[in-house]
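Just so we're clear, the structure is a prediction, and the values are computed from it rather than from any experiment.
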Amino acid sequence: MKIDDRHRGESENERGGVGSRLKATFGSNFEAVAMYRISLGIMLFIELVSRYKYLHAFYSDEGTLPLRLLLPKTDALYKIICMHCYSGSMLYLQAILSIQVVLAIMLIFGYRTRLASIGSWVLYLSLTLRNTWLNFILDRYFHYLLFYSMFLPLDGTWAVDAKKHRSSNNNNNTFVTPATIAFKLFITWLYFDAGYGKYTDPLQGWTLNPPHFLPALDTYVRHTTVARYVYGLLGPTGLRYMTPTVVYVELLCAPVALLGSFIYGKQSGVNGSKGMLYGVIGVICMMHIGIALTMNNTVLLSLVACVAWCIFLPEGVGDDLLRLLRPILSRGFVASDGSSGSTRSDIIGNDNHKPISSFAKNHGLSALVIGIFVSGSIWFETMSTQCNQSMEHIWSTLLHNQWNVFVGAEEYVTWEIAPGRLMDGSIIDVWSKSDQVSWEMPGAGVPCTSTARAGRWRSYPYLAELDGEDGETLWSYLCRQWDDENGVNNGNEGKKLLRFNFFMLQADVLPNMGFSATRKRLIHSHDCLSESNFGQERQATEGIAFASSGEL
């Protein structure tokens with residue numbers, strides 16, 4: 001054997017060793033991290049821009065939760081961490097939200113990414129703390145993804161700052177850090193928790209033949225027009241067989257991705273079997289896209305869930321992506337034979353980078369911070385007291401790490417209306433801001449449920465337990481909003497809202513896309529001219545249960 005051949009064989013054995021396989025299993029690469037950074041930045045930008053329309057209602061002192069009501073309930077640490085609690089003026093809130101938008105743009109383009117990631121995480125935590133009523137699972141996703149972003153080399157490639165770290169001496173883009181290890185273990189836990197929650201559902205809604213109700217997918221896949229076509233294509237039988245599949249996809253997707261990287265590391269360097277990894281990532285992303293297409297208000301959540309899987313992408317994903325896009329790019333600046341005046345490095349940045357020196361030096365610090373954060377989450381979920389889990393402390397928002405959503409089948413669907421009387425005697429729907437009151441299930445011709453106020457307004461009906469000044473401020477906002485939007489203070493006194501009743505309507509989910517007769521329950525009755533709508537009211541309405549629409 002020639003010396004060169006012997007060295008080549010030794011090199012291949014070294015690459016295929018256990019160390020390299022572990023590196024593939026728990027590491028990532030610059031291109032995967034760049035795709036993660038760009039897609040996360042885009043999702044964050046979309047979410048933050050959408051928040052502008054909620055500032056007045058949910059974050060300002062003129063809205064449903066002014067600081068005079070929030071701050072007395074919080075501790076000193078809460079007041080320090082929540083920078084959105086420093087002022088309730090619209091100008092201040094718009095300014096700080098604009099800073100967040102700028103930071104998201106910096107992430108997208110890869111400019112000062114360390115500053116952008118730290119600032120984005122701190123301010124998103126602060127924004128969530130300002131009104132924890134609005135804290136959805138989407139916010140938990142952003143919270144965790146932004147946290148781990150702070151410890152990743154986001155500007156390694158495909159970034160404005162990538163040129164600062166270019167080097168032609170390092171051909172190995174794969175790296176392992178405390179952040180990549182913790183991130184992949186976090187994704188593994190996330191999907192295990194979600195899948196295990198479905199697997200252990202007491203009503204067995206995610207089994208093939210639920211004993212108590214319809215299969216879960218039969219109850220969920222009926223919310224949109226696309227869902228109706230899916231239902232028609234697969235039918236109840238198809239959805240019945242698909243239901244338990246979701247459980248095992250969630251339970252096994254991350255372990256299979258990690259195992260695939262480890263087992264096949266010898267075949268293609270340190271990044272495992274590309275086909276297996278692309279397959280797992282493709283399956284889980286198709287599942288999330290299916291959720292987005294068949295359930296209302298889940299598009300951004302589903303896309304953010306897909307973003308997390310970018311870290312699992314194998315080395316060379318940039319080449320694979322470019323190869324996929326070559327037929328399109330060849331019409332422009334890339335020749336059909338792959339040669340052109342612009343090389344791949346010119347198009348997407350140089351692949352050959354060294355890890356940022358400051359990042360390498362801070363592995364100890366990053367391991368410490370991540371370790372504290374993970375330990376805190378374990379403590380919160382296993383040993384913390386009820387007081388620690390109160391929304392009046394930061395710990396619920398900072399450390400909550402449960403993901404068992406959509407655990408059971410959807411036994412019924414709900415929506416809301418708020419019939420109100422104006423000064424001119426007309427009856428309107430305050431909730432939908434409509435001149436007509438309809439007790440029918442909404443859905444624009446599709447047998448599904450939705451709400452006239454989507455997005456962050458979805459939390460509103462579930463705040464009915466608020467009373468006293470909290471409840472008065474919450475429900476009075478609907479009066480003030482209606483009057484402001486209808487020019488009551490500008491000479492249109494006849495449109496002044498005098499009173500309204502807020503109803504939650506409900507219908508049972510039945511087989512074959514059916515729903516039962518509508519029931520309704522009075523949640524709150526509000527007199528806009530009175531300064532005190534609480535007191536005896538709770539005792540008067542507390543016992544009202546759901547009744548058919550003809551009984552109330």
Next on the checklist: Taking atom CZ as the centre, does F109 end up with more than 12 heavy-atom neighbours from other residues, nucleotides or ligands that are less than 6.0 angstrom away?
Outcome noted: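 Open: at most 12 neighbouring heavy atoms sit under 6.0 Å from CZ of F109.
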Next on the checklist: Counting only heavy atoms not in W395 (residues, nucleotides, ligands), do more than 12 fall under 6.0 Å from its CH2?
Outcome noted: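 12 or below, so no.
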Checklist entry - Considering the options F186, W309, Y196, which one meets the ring-ring contact (aromatic ring centres under 6.0 Å, His included) requirement together with Y191? => result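 Going through the options one by one, the only one that passes is W309.
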Checklist entry - Do you know which of Y477, W133, W431 makes ring-ring contact (aromatic ring centres under 6.0 Å, His included) with Y460? => result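 Going through the options one by one, the only one that passes is W431.
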Next on the checklist: Please find the pair of heavy atoms, one from F30 and one from G156, that lie closest to each other, and give the distance.
Outcome noted: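 For F30 and G156, the tightest heavy-atom pair comes out as CD2-CA, 3.5 Å.
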Item to check | For F406 against M295, the heavy-atom pair lying closest together | outcome: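 Answer, listing the atom of F406 first, then M295: CE2-CE, 3.4 Å.
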Next on the checklist: I'd like to know if the side chain of T180 reaches the main chain of T177, judged simply by a donor and an acceptor atom lying under 3.5 Å from each other, with no hydrogens or angles considered.
Outcome noted: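 It does hold such a pair.
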Would you say the side chain of [Y] lies within less than 4.5 Å of the side chain of [X], judging by non-hydrogen atoms?
{"X": "M43", "Y": "Y141", "value": "no"}
{"X": "L152", "Y": "T113", "value": "no"}
{"X": "L498", "Y": "L422", "value": "no"}
{"X": "R521", "Y": "Q506", "value": "no"}

Checklist entry - Are L127 and L48 close enough, and set up right, to give a side-chain contact (heavy atoms from CB on, under 4.5 Å), and what steps lead you there? => result CA-CA 10 Å; L127 180 65; L48 293 173; 4.3 Å; yes
Next on the checklist: Checking I378 against M383 for the side-chain contact (heavy atoms from CB on, under 4.5 Å) test, could you report, in this order, the C-alpha distance in whole Å, the side-chain angles of both residues, the deciding distance, and whether it holds?
Outcome noted: CA-CA 8 Å; I378 296 173; M383 294 179 286; 5.6 Å; no
Checklist entry - For F136, is the NZ or CZ atom of R458 found under 6.0 angstrom from the centre of its six-membered ring and inside 45 degrees of the ring axis? => result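 Output yes; distance and angle both within limits.
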Item to check | Worked check of side-chain contact (heavy atoms from CB on, under 4.5 Å) between S426 and D435 | outcome: CA-CA 8 Å; S426 57; D435 294 334; over 6 Å; no
At what distance, to the nearest 0.5 angstrom, does [atom1] of [X] lie from [atom2] of [Y]?
{"X": "S525", "Y": "F502", "atom1": "OG", "atom2": "CZ", "result": "12.5 Å"}
{"X": "L129", "Y": "L70", "atom1": "CG", "atom2": "CG", "result": "9.0 Å"}
{"X": "E493", "Y": "M423", "atom1": "CD", "atom2": "CE", "result": "8.0 Å"}

Next on the checklist: Given N401, which partner from the list F380, Y144, F373 fulfils the side-chain contact (heavy atoms from CB on, under 4.5 Å) test?
Outcome noted: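 Output: one option passes, namely Y144.
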Next on the checklist: Please evaluate residues M83 and L123 with respect to the criterion side-chain contact (heavy atoms from CB on, under 4.5 Å), reporting the C-alpha separation (whole Å), side-chain torsions for both, the decisive distance (0.1 Å), and the verdict.
Outcome noted: CA-CA 7 Å; M83 287 181 279; L123 290 177; 3.4 Å; yes
Checklist entry - Going through the checks in order, is the ring-ring contact (aromatic ring centres under 6.0 Å, His included) test met by W121 and Y148? => result CA-CA 9 Å; W121 179 73; Y148 287 112; over 10 Å; no
Item to check | Name of the residue among K495, K433, R480 meeting salt bridge (charged side-chain N to carboxylate O under 4.0 Å, His left out) with E485 | outcome: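 The passing option is K433.
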Flag the pair [X] and [Y] as a salt bridge only when some basic side-chain nitrogen lies within less than 4.0 angstrom of an acidic carboxylate oxygen.
{"X": "D139", "Y": "R130", "result": "no"}
{"X": "R499", "Y": "D527", "result": "no"}
{"X": "R114", "Y": "D161", "result": "no"}

Next on the checklist: Check the orientation of H526 and H524. Use parallel for under 30°, tilted for 30 to 60°, and perpendicular for over 60°.
Outcome noted: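 Ring orientation, 0 to 90° scale: tilted.
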Item to check | Pair R519-Y412, side-chain donor/acceptor within less than 3.5 Å | outcome: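 Judged by distance alone, the side chains do not pair up.
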Checklist entry - Is the SG of C306 found under 2.5 Å away from the SG of C285? => result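 No, because the SG atoms of C285 and C306 are not under 2.5 Å apart, which misses the disulfide cut-off.
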